[in-house]
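Here is the structure we will look at, set down as structure tokens.
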Amino acid sequence: MALMNTLEVRDLSYSYPDGKPALRGVSMHAAGGECVGIVGPNGAGKSTLLLHLNGILPEDDSRQGEVVICGERITNSNLHEVHRMVGLLFQDPDDQLFCPTVSEDVAFGPAQFGFPAAEIDRIVRESLRQVGLEGFERRSPHHLSGGEKQRVCLAGILACNPSILVLDEPTSDLDPRGRRELARLIRGLPATRVIASHDLELVLDLCSRVYLLDGGEVVASGAAAEILSDEELMVAHGLEKPHSLQHRHPHT
Amino acid sequence: MHIPDGFLDLKTAVATGVLSAAAVGISLRRLNGSLPRKKVPLMGLAGAFVFAAQMVNFPVAGGTSGHLMGGVLVAVLLGPAAGVVVITSVLIVQCLLFADGGIVALGANVFNMGVIGSAGGYAIYRGVRLVFRNERGRYLAVVLAAWGSTVLAAVCCAGELAWSGTVPWTSAFPAMTNVHMLIAIGEAVISSLAYSAIAAARPDLVAENPRSAPVHEGRDLLLYGALITAGVVLFISPFASRWPDGLEAVAAKLGFESTAIARPLVTSPLDGYTIPGLGSPVAATVIAGLAGTCIVFAGGFLLARLLAGRSRHEA
Amino acid sequence: MRHEYIDRYARLDSPVHRLPPGLKLAIALALVISTVMVPISAIPYFAACALLLLIVIFLAHLPFRFVALRLLTLEPLAGGVGILALMQHDGLLMLIRILVKSNLCLLTMIVLSNTTPFDGILGVLRSLRVPQLLVTVLALMYRYVFLLIDQSERMTRARKSRTFAPRRGGRWKTAAGIVGQLFIRSTERAERIYAAMSARGWR
């Protein structure tokens with residue numbers, strides 16, 4: 001079906017509880033299986049937008065516009081289904097890893113979504129294998145490195161088998177090797193992916209299209225290589241052209 | 001004030017355990033009915049907060065340092081039922097993860113620091129607020145609640161040790177109470193300063209809207225009050241009893257006679273209430289306690305004026 | 001991270017560590033209760049108890065030095081109460097009683113907490129039908145206590161590096177400032193954790 005795994009945001013506006021506008025008329029979409037990037041300076045509204053994609057921020061007066069997941073508009077009554085379909089990776093892994101052990105944490109989502117108990121054990125093992133952390137089941141989060149925490153968080157989301165994956169700064173805590181491995185992992189996933197990041201090399205590497213957000217508005221959108229190589233545009237919005245696009249050898 | 005195992009006998013451990021279990025049960029029931037789901041993670045984080053806050057040291061007299069206990073601060077910020085559950089969780093984790101504070105003594109520790117130190121402190125806070133309703137009254141209430149509940153918890157702790165037959169009341173009561181009257185000043189000052197820092201940075205976290213004090217709060221405070229009274233009757237009154245027969249029996253049992261070496265420090269009109277000669281340190285402590293309360297009240301008033309003025313400027 | 005020593009040994013692998021947590025908790029509780037109850041004249045009991053605990057420490061590969069250091073933290077308190085206890089008939093006997101009993105009980109709890117991960121104990125509490133809210137609070141607390149201790153140590157260091165020869169009043173204010181800041185950060189983190197829990201279907 002054409003609507004499977006698709007995500008669409010239509011004219012979304014949102015203000016913080018103190019009345020400050022955070023998003024102004026944002027529209028974006030991601031087709032089934034596509035990987036879309038969201039870039040922009042700090043405070044542009046990236047994280048706020050991502051929270052809306054999962055229905056975390058409530059539907060009330062402070063929010064106008066709509067978010068449509070797999071053809072279904074997010075309302076306050078279908079949140080549980082939305083949480084099931086959209087996996088959200090938060091910026092700080094410590095916020096997301098709230099259980100005393102790794103296995104309990106990975107099992108949390110499947111248990112909440114009512115997966116059968118016998119199935120959950122298998123899912124936990126399989127998800128940890130997917131992120132390269134076999135045998136970490138009994139470890140406690142406070143004994144893990146930043147990169148390991150980030151990967152456990154991802155395992156916890158993969159365990160719910162979401163059709164759309166939303167990632168907020170997935171590489172912020174990783175060393176170069178961890179980053180490379182995570183990029184490979186994300187590239188191999190069949191789900192529709194939305195990635196917000198300052199790591200423009202990662203965005204360039206993984207995403208076909210990007211949206212440039214500033215001041216709560218989409219200021220530009222288009223093919224990743226095109227937007228990110230527009231030096232003037234990047235600098236005007238507090239970013240910079242990725243290195244890999246900077247040094248073009250004239251003879252090649 | 002964490003009592004380790006081996007200091008209390010089984011009778012005291014069971015009695016404090018029953019009182020504490022009742023208080024924790026009441027608190028959990030209240031929270032199950034009224035705590036919004038959104039606030040559940042905050043309860044766990046508040047426990048971790050108290051734990052970490054207890055590791056922040058500040059200097060006290062003579063090169064020693066003290067730390068916050070935090071029961072009043074948590075109860076004033078999150079309510080008495082949350083205060084009891086949070087402090088109980090802190091004590092359980094300290095006992096089972098760090099072997100700090102005994103497991104048989106857990107009931108006594110929960111009673112002293114959770115029930116008295118948090119819910120009891122909150123009752124004092126509410127009482128003071130009824131009289132002093134302005135901004136200054138808040139800080140004065142925090143100061144008096146922190147001081148009063150810490151001293152009462154120490155008195156109860158002394159009573160539990162004496163009831164267990166570990167330490168004679170005539171030495172436990174003055175020692176525990178006098179030391180904790182000083183420690184409680186730290187608790188009162190740090191609690192009110194921290195409260196004012198929170199109020200300045202995040203006024204929404206300390207907002208006292210009329211709906212935040214629900215109708216059932218009065219009933220809860222009566223229940224906590226009844227449990228604390230039961231504890232005081234059990235652990236303290238046998239020693240403070242004015243009936244000579246009862247006292248003599250207790251004195252004989254605990255071997256008070258041998259402490260006659262302790263010479264009276266002051267003679268006071270209160271002597272008549274206790275065994276002559278032996279009662280003096282006790283009476284002196286009671287007088288010191290009354291004087292201390294007056295001094296803390298005056299000091300708290302000045303501090304409250306200062307803090308209320310400051311938060312108005314910063315807000 | 002200084003606090004890491006706290007449960008560093010709880011996840012070792014040894015015959016003692018592999019025992020079910022419920023069994024260990026029950027044995028420890030029984031040992032502590034009997035140590036509290038048995039009269040001090042029963043010297044063979046206390047000797048047997050101490051020997052048993054030493055054997056367990058050996059089997060569990062716990063470093064004796066570490067255990068001894070943890071045990072020493074009790075002594076100032078036991079000593080203080082001991083001095084008060086001396087002021088009575090048979091005071092010396094009472095002092096010995098306090099020292100023997102409290103050290104044995106503390107040793108038992110040190111062995112328990114360093115051979116049993118806290119999540120195992122949480123499992124036992126859950127199966128004993130301890131109210132769900134209390135278990136959840138304990139689980140979250142165990143998860144985040146290390147993080148908050150770290151945070152408070154970083155704040156303390158940062159403040160120290162900016163103050164010179166502080167007066168006592170100033171240091172009280174600093175301590176209170178750190179406590180206030182810690183509380184604010186805890187509430188903010190609690191909000192983010194709630195969002196993360198909801199995102200994975202918590203209801």
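Letters go in sequence order (proteins before strands), and every chain restarts at 1.
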ask   = Under a 4.5 Å heavy-atom cut-off, does chain B meet the side chain of C:Ala28, its backbone, both or neither?
value = neither
key: Gap separating the CG atom of B:Asn57 from the OG1 atom of C:Thr156, nearest 0.5 angstrom   = 9.0 Å
pair C:Leu134-B:Ser89: side-chain heavy atoms closer than 4.5 Å = yes
task = Sort out for me which of C:Tyr142, C:Phe183, C:Tyr144 touches chain B most, counting heavy-atom pairs under 4.5 Å.
result = C:Phe183
message = Assess the residue pair B:Leu73 and C:Val179 against the criterion (side-chain contact (heavy atoms from CB on, under 4.5 Å)); give the C-alpha distance rounded to whole Å, side-chain angles, the decisive distance to 0.1 Å, and a yes or no.
response = CA-CA 10 Å; B:Leu73 191 58; C:Val179 169; 3.9 Å; yes
note = Taken to the nearest 0.5 Å, the spacing of C:Leu133 CG from B:Leu35 CG works out to 6.5 Å
inquiry  = Any heavy-atom pair between the side chains of C:Thr116 and B:Leu96 that's under 4.5 Å?
reply    = no
request  = Heavy-atom pairs under 4.5 Å with chain B are the metric here; pick the option from C:Gly180, C:Gly91, C:Ser186, C:Ala195 that has the most.
outcome  = C:Ser186
ask   = Rounded to the nearest 0.5 Å, how far apart are OH of C:Tyr194 and CG of B:Leu45?
value = 14.5 Å
message = Report which part of B:Leu205 has an atom under 4.5 Å of a heavy atom belonging to chain C: side chain, backbone, both, or neither.
response = side chain
Contact origin within C:Thr136 toward chain B - heavy atom pairs under 4.5 Å = side chain
message = Closer than 3.5 angstrom, by distance alone: can the side chain of C:Arg70 be matched with the main-chain N or O of B:Phe98 as a donor-acceptor pair?
response = yes
query = Which pair of heavy atoms, one from B:Ala172 and one from C:Leu84, lies closest together, and at what distance?
reply = CA-CD1, 4.3 Å
request  = For each of B:Asp100, B:Leu42, B:Leu31, tally heavy-atom pairs with chain C at distances under 4.5 Å, and name the one with the top tally.
outcome  = B:Leu42
query = Heavy-atom distance under 4.5 Å to chain B: side chain of C:Leu104, backbone, both or neither?
reply = neither
note = Whatever's closer than 4.5 Å to a heavy atom in chain C on B:Val56 counts as side chain
message = What's the separation between atom CE in B:Met1 and atom CG in C:Leu77, rounded to the nearest 0.5 Å?
response = 11.5 Å
query = Of the listed residues (B:Leu68, B:Val50, B:Leu77, B:Asn32), which shares the most heavy-atom pairs with chain C below a 4.5 Å separation?
reply = B:Leu77
message = So for atom CG, which belongs to C:Leu72, do other residues, nucleotides or ligands contribute more than 12 heavy atoms lying within a distance under 6.0 Å?
response = yes
ask   = Measuring heavy-atom distances to chain C, does B:Leu8 have an atom under 4.5 Å in its side chain, in its backbone, in both, or in neither?
value = backbone
message = Which atoms of B:Val86 are under 4.5 Å from chain C, going by heavy atoms: the side chain, the backbone, both sets, or neither?
response = neither
inquiry  = Please give me the minimum heavy-atom distance between B:Pro4 and C:Leu74, naming the atom from each residue.
reply    = CG-CD1, 3.5 Å
Pairwise distance CG(C:Leu107) to CG(B:Asp5) - rounded to 0.5 angstrom = 12.5 Å
inquiry  = Is B:Ala53 close to chain C through its backbone or its side chain, or both, or neither, when contacts mean heavy atoms under 4.5 Å?
reply    = both
query = When heavy-atom pairs shorter than 4.5 Å are enumerated against chain C, which of B:Pro41, B:Ser191, B:Gly6 gives the highest number?
reply = B:Pro41
Which of B:Gly102, B:Ala99, B:Ser27, B:Gly186 touches chain C most, by non-hydrogen pairs under 4.5 Å = B:Ala99
task = Identify which part of C:Arg97 has an atom lying under 4.5 Å from any heavy atom of chain B, answering side chain, backbone, both or neither.
result = side chain
note = chain B shares the most heavy-atom pairs under 4.5 Å, among C:Val81, C:Leu86, C:Ile178, with C:Val81
inquiry  = Looking at every non-hydrogen atom in both residues, tell me the closest pair between B:Gly165 and C:Met94 and how far apart they are.
reply    = O-CE, 2.9 Å
request  = For residues B:Phe7 and C:Ser102, report the shortest heavy-atom separation together with the two atoms involved.
outcome  = CE1-CB, 3.4 Å
request  = Name the region of B:His2, side chain, backbone, both or neither, that has any atom closer than 4.5 Å to a heavy atom of chain C.
outcome  = backbone
message = Quick check on B:Phe49 against chain C: is it the side chain, the backbone, both or neither that has a heavy atom closer than 4.5 Å?
response = both
message = Tell me the closest heavy-atom pair linking C:Ala175 and B:Phe58, and the distance in Å.
response = CB-CB, 4.1 Å
key: Largest heavy-atom contact set with chain C, pairs under 4.5 Å, which of B:Met43, B:Lys38, B:His67, B:Arg202   = B:Lys38
inquiry  = At a 4.5 Å cut-off on heavy atoms, which part of C:Glu191 comes close to chain B: side chain, backbone, both, or neither?
reply    = side chain
key: Residue part contacting chain B, namely of C:Met155, when any heavy atom lies under 4.5 Å   = neither
task = Take C:Ile121 and B:Leu97, measure what side-chain contact (heavy atoms from CB on, under 4.5 Å) needs, and give me the verdict at the end.
result = CA-CA 10 Å; C:Ile121 290 176; B:Leu97 186 62; over 6 Å; no
query = Would you find more than 12 non-hydrogen atoms of other residues, nucleotides or ligands less than 6.0 Å from B:Arg29 atom CZ?
reply = no
message = Quick one, C:Met109 and B:Ile103 - any side-chain contact, counting heavy atoms below 4.5 Å?
response = yes
message = Show the nearest heavy-atom pair for residues B:Val40 and C:Leu140, with the distance to one decimal.
response = O-CD1, 4.2 Å
